[in-house]
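Values below: all heavy atoms of this structure, side chains included; hydrogens, waters and symmetry mates excluded. Protein chains get the first letters and strands the later ones, always in sequence-line order, with residue 1 at the start of each. No experiment lies behind these values; they were computed from the predicted model shown.
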There are 4 protein chains.
Amino acid sequence: MVGSVNKVILVGNLGKDPEVRNAQNGSKIVTFTLATSESWNDKASGERKEKTEWHRIVIFNDRIADVAERFLTKGRKVYIEGSLQTRKWTDQSGQDKYTTEIVIDRFRGELTLLDSGNRDGDQNSPRGQQDTGAARSATSGGWEPAAGDLDDEIPF
Amino acid sequence: MVGSVNKVILVGNLGKDPEVRNAQNGSKIVTFTLATSESWNDKASGERKEKTEWHRIVIFNDRIADVAERFLTKGRKVYIEGSLQTRKWTDQSGQDKYTTEIVIDRFRGELTLLDSGNRDGDQNSPRGQQDTGAARSATSGGWEPAAGDLDDEIPF
Amino acid sequence: MVGSVNKVILVGNLGKDPEVRNAQNGSKIVTFTLATSESWNDKASGERKEKTEWHRIVIFNDRIADVAERFLTKGRKVYIEGSLQTRKWTDQSGQDKYTTEIVIDRFRGELTLLDSGNRDGDQNSPRGQQDTGAARSATSGGWEPAAGDLDDEIPF
Amino acid sequence: MVGSVNKVILVGNLGKDPEVRNAQNGSKIVTFTLATSESWNDKASGERKEKTEWHRIVIFNDRIADVAERFLTKGRKVYIEGSLQTRKWTDQSGQDKYTTEIVIDRFRGELTLLDSGNRDGDQNSPRGQQDTGAARSATSGGWEPAAGDLDDEIPF
DNA sequence: TTTT
DNA sequence: TTTT
């Protein structure tokens, strides 16, 4: 094939805190679900309709997995760029199942935080850190904390 | 939610000719699968690896469905822009299944032809037409044949 | 040409409130500048560097111009999708000048609000309205206020 | 700023063969112009209209610059992903000028070939090579020749 | 300056 | 099931 493109761009909110697990080679894999929603006026009923779509995000890229683990929490708004991948698996009853995921891997993908993550009464940040709200962005090519070294800046 | 984005951008080749069916309201629905592939050198084995991903495209937009039906054939390369949607259905054994599709609907999505569709020995175009190779592009907002009216230009 | 693609995707913050002017045909044109910025650690100096890029956005699409006029104010974060266009003009000294803009027109483009627009002490919203913070999004194909009719929802 | 996005996606044709120059640090910089065009039926006159937009592409990324230098020639169709950047410069008469470019740098950007580059009678490929037509794609994170090592595959 |  |  003389070149193809497989790109997904999402802006949405995390449904839950991310899950972090370790691959056999020692690197981290971070997964979470992201909600996007649209709303419209239904012509027939005249009612306001809303539909939410849930996307499963999987991060294999070490640097972006690191940012995701440190900063992403339930409800945060993020920009995600990745590739579509449909994976086959077998459930406990032996049935074939297929799951489509948005993958950020070594070469392709981005994650950019779009809100500060500070909410009144938000006590359940992982490890109790306070997000400094500084600009944070990560690409598969490199990553860019907004100010200072990440390790200097974040108190954990 | 203060706005979200759900966008897929693909450049790939059709696996087969599209399927066309009619919705209950009389409008057309066009579906096809699109292949994107990537290749890389496997560090461990030193071998060349290739992986193809198949995407299911569903077009509800009338104008784009029309373009797709007329011009898309097996093997053609297209640019597709749509939204991710995961649909639940039940198979004949009563099992729940989920299918993720790239949807072009009334408001969002584009389809742009990226090759002329003329190949040596390509005798199996639908309805035997010869693609004129003119520029063709369609968006959910409007569509743009390259020259003349579509109905004037295409002999069927 | 067998199809081409000209697409810009930006997430950034407005530098000022938008400017609204009327075209000869009576429709509105809304313009504003959007800042995107990136930061990185300079290897040579060891310093933290930041660079801001300013983009000129021009909205010809009536519905999106309407949303922009009503809701966009200095500092708000938005997702913008449009096309690149370079325009030639002549300055007062007769010099040729070129300006590249991101255009949202009748057929292509989107605008999605990414923050609520409510800030402490933000007294300078146009016409003194309080943004309800509801989801608002507009595409060249149609637009989607988050709840209720726009005219019902917004008190001006 | 809590993260921003600055992304351009183009599919178009090269106006000329690329220009290659060397930066002070010894790395290559490849530049070319890319045409995208759109066409539509003018309601008023009833005529077919077409408008071409020219984009200036600048590649600082070494691997992608390498691919561009080897494979890109006048007329070839490519997918380009990069960032917008407006650069100020002074012309010979001392006038300030601004040029907006689509930049592929170390961290961000992609280039994917969308046609084989082989045309009947196309004798003017640089250095007289014959493009093998193999899949070629490059990202700022890594690059993927379709088969074999690039240096093995290309006879120059 | 490209492409159809 | 595509493409190279």
Those residues that, when tested against A:Ser93, pass side chain to side chain donor-acceptor pair (under 3.5 Å) (two or more places apart): A:Asp91
If I compare all heavy atoms of D:Asn61 with all of D:Ile64, which pair ends up nearest, and what's the gap? OD1-N, 2.9 Å
I need the CG-C1' distance between B:Asp17 and F:dT3, as an integer number of Å. 15 Å
Using whole Å, report how far CZ of D:Arg76 lies from P of E:dT1. 22 Å
Nearest listed nucleotide, side chain of B:Lys16, among E:dT1, F:dT1, E:dT2: F:dT1
Gap between atoms CG and P, on C:Asn6 and E:dT3 respectively (whole Å): 18 Å
Of all residues at least two apart in sequence or in a different chain, which pass the side chain to side chain contact (heavy atoms under 4.5 Å, CB included) check with D:Ser83? D:Asn6, D:Arg108
With the stacking rule set at 5.5 Å and 30°, tell me whether B:Trp54 counts as stacking on F:dT1. yes
Nearest to the side chain of B:Thr33 - E:dT1, F:dT3, F:dT1? F:dT1
Rounded to whole Å, the NZ-C1' distance (B:Lys74 to F:dT3) equals 12 Å
Provide, to the nearest angstrom, the distance between the CG atom belonging to D:Asn13 and the C1' atom belonging to E:dT1. 11 Å
Over how many whole Å does the gap from D:Phe32 atom CZ to E:dT1 atom P extend? 18 Å
Separation of B:Leu114 atom CG from E:dT2 atom P, in whole Å? 20 Å
Indicate whether the side chain of C:Thr99 and that of C:Trp89 have a donor and an acceptor atom separated by less than 3.5 Å. yes
How many whole angstroms separate atom CG of D:Leu10 from atom P of E:dT1? 21 Å
